[in-house]
Amino acid sequence: MRMDHVSYACERDGLEATAERISAALGLHAVRGGVHPRFGTRNMIFPLADHKYLEVVEVLDHPASDKAPFGQAVRARSAMGGGWMGWCVAVDDLAPFESRLGREAVPGNRKFPDGRELIWKQIGILGLIADPQVPYMLKWEGDSTLHPSLVYPSDVRVSSLTIAGSAERVTEWLGEEVENPLEDVAVEWIAPHGTPGIMSVTFETANGSVTL
């Protein structure tokens, strides 16, 4: 189990404008990820060091976005003005989470222009919708060289998260200490005023620390 990525729902002016602001702040260029046909969303990717990445996500006017929890989560966060939607941990086995949550993981995919396909399974989006401090869980499948962190080499890394919530709640959700998947990413836990969830993420860049 390890932290895989952080997700940012696009702001009111759309995916590209939101990605441009993040690009300017981090000194990285965004790469078009593509459409998630099962979820009714699309994203843009910022690869990061340590096998992590940042995605900016936009909901599409597509029937799938009304049915898929991921599409619903993106729409709800963007409707609030956009911002940090959640974080994700990659695991080798989703079965324990399926057993504990009482449902099966759902498949996800997106295709590259050359026909290659990125595929995975995920679970926990309903938990994230109900309690945005908790991560969702993902298992990558297929070609490991297609992981979004490998789009191009990056020296920008996530150094810390500020989360409204509690370590105890997230530990309970994960079934192990929350510090384990976070590895060297620090977390400042603050008492939630309103909805819990990610308040900010700090990155180490060539120009110093940047907090979004």
What is the distance from atom [atom1] of [X] to atom [atom2] of [Y], rounded to the nearest 0.5 Å?
X	Y	atom1	atom2	answer
D184	S159	CG	OG	9.0 Å
L128	F70	CG	CZ	9.0 Å
H36	N109	NE2	CG	8.5 Å
E55	N43	CD	CG	5.0 Å
E179	T171	CD	OG1	5.5 Å
I198	T162	CD1	OG1	9.5 Å

Where do [X] and [Y] come nearest, in terms of heavy atoms and distance?
X	Y	answer
S23	A30	OG-N, 4.4 Å
L118	L146	CD1-O, 3.4 Å
P37	A64	O-CB, 3.5 Å
L28	S154	CD2-OG, 3.7 Å
S149	H51	OG-ND1, 3.3 Å
G71	V59	O-CG2, 3.7 Å

Below 4.0 angstrom, N of the basic side chain to O of the carboxylate: do [X] and [Y] qualify?
X	Y	value
R32	E16	yes
E204	R157	no
R2	D50	no

Within the distance-only criterion (no hydrogens, no angle test), does the side chain of [X] pair as donor or acceptor with the backbone N or O of [Y] below 3.5 angstrom?
X	Y	result
Q72	D66	yes
W84	L212	yes
T205	L26	no
R110	G33	yes

Between [Y] and [X], is there a side-chain donor-acceptor contact under 3.5 Å, judged purely by atom types and distance?
X	Y	result
S200	T211	no
D131	W173	no
R12	S78	no
D143	T145	yes
E11	T18	no

Could you tell me whether the side chain of [Y] reaches within less than 4.5 Å of the side chain of [X], counting heavy atoms only?
X	Y	value
V106	Q122	yes
P107	I119	no
L182	V187	yes
L94	M137	yes
R42	V57	no
V170	Q133	yes
I123	R103	yes
V56	I22	yes

Among the clusters formed by ILVMFWY side chains lying less than 4.5 Å apart, do [X] and [Y] turn up in the same one?
X	Y	value
V158	Y152	yes
V35	F112	no
V210	V156	yes

Heavy-atom neighbours of [X] [atom1] exceed 12 at 6.0 Å:
X	atom1	result
E104	CD	no
D93	CG	yes
D13	CG	yes

task = Determine, stepwise, if the pair L15 / M44 fulfils side chain to side chain contact (heavy atoms under 4.5 Å, CB included).
result = CA-CA 8 Å; L15 181 64; M44 296 186 79; 3.7 Å; yes

task = Evaluate the criterion side-chain hydrogen bond (donor to acceptor under 3.5 Å, both in side chains) for residue pair D4 and W140; output intermediate values, then yes/no.
result = CA-CA 10 Å; D4 188 74; W140 292 105; 3.1 Å; yes

request  = Report yes if the distance between the aromatic ring centroids of Y53 and H147 is under 6.0 Å, otherwise no.
outcome  =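 Ring centres of H147 and Y53 closer than 6.0 Å.
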
ask   = For H29 and F46, what are the C-alpha separation, side-chain angles and deciding distance, and is it a ring pair (Phe, Tyr, Trp, His ring centres under 6.0 Å)?
value = CA-CA 7 Å; H29 67 270; F46 292 91; 8.5 Å; no

task = Might you work through the side chain to side chain contact (heavy atoms under 4.5 Å, CB included) test for L48 and F203, ending with a clear yes or no?
result = CA-CA 9 Å; L48 304 171; F203 302 84; 3.9 Å; yes

ask   = Which is it for L60 and T41 under the side chain to side chain contact (heavy atoms under 4.5 Å, CB included) test, yes or no, and what are the steps along the way?
value = CA-CA 5 Å; L60 302 173; T41 56; 5.5 Å; no

key: Check against side chain to side chain contact (heavy atoms under 4.5 Å, CB included), V178 and W189   = CA-CA 12 Å; V178 64; W189 299 96; 4.1 Å; yes

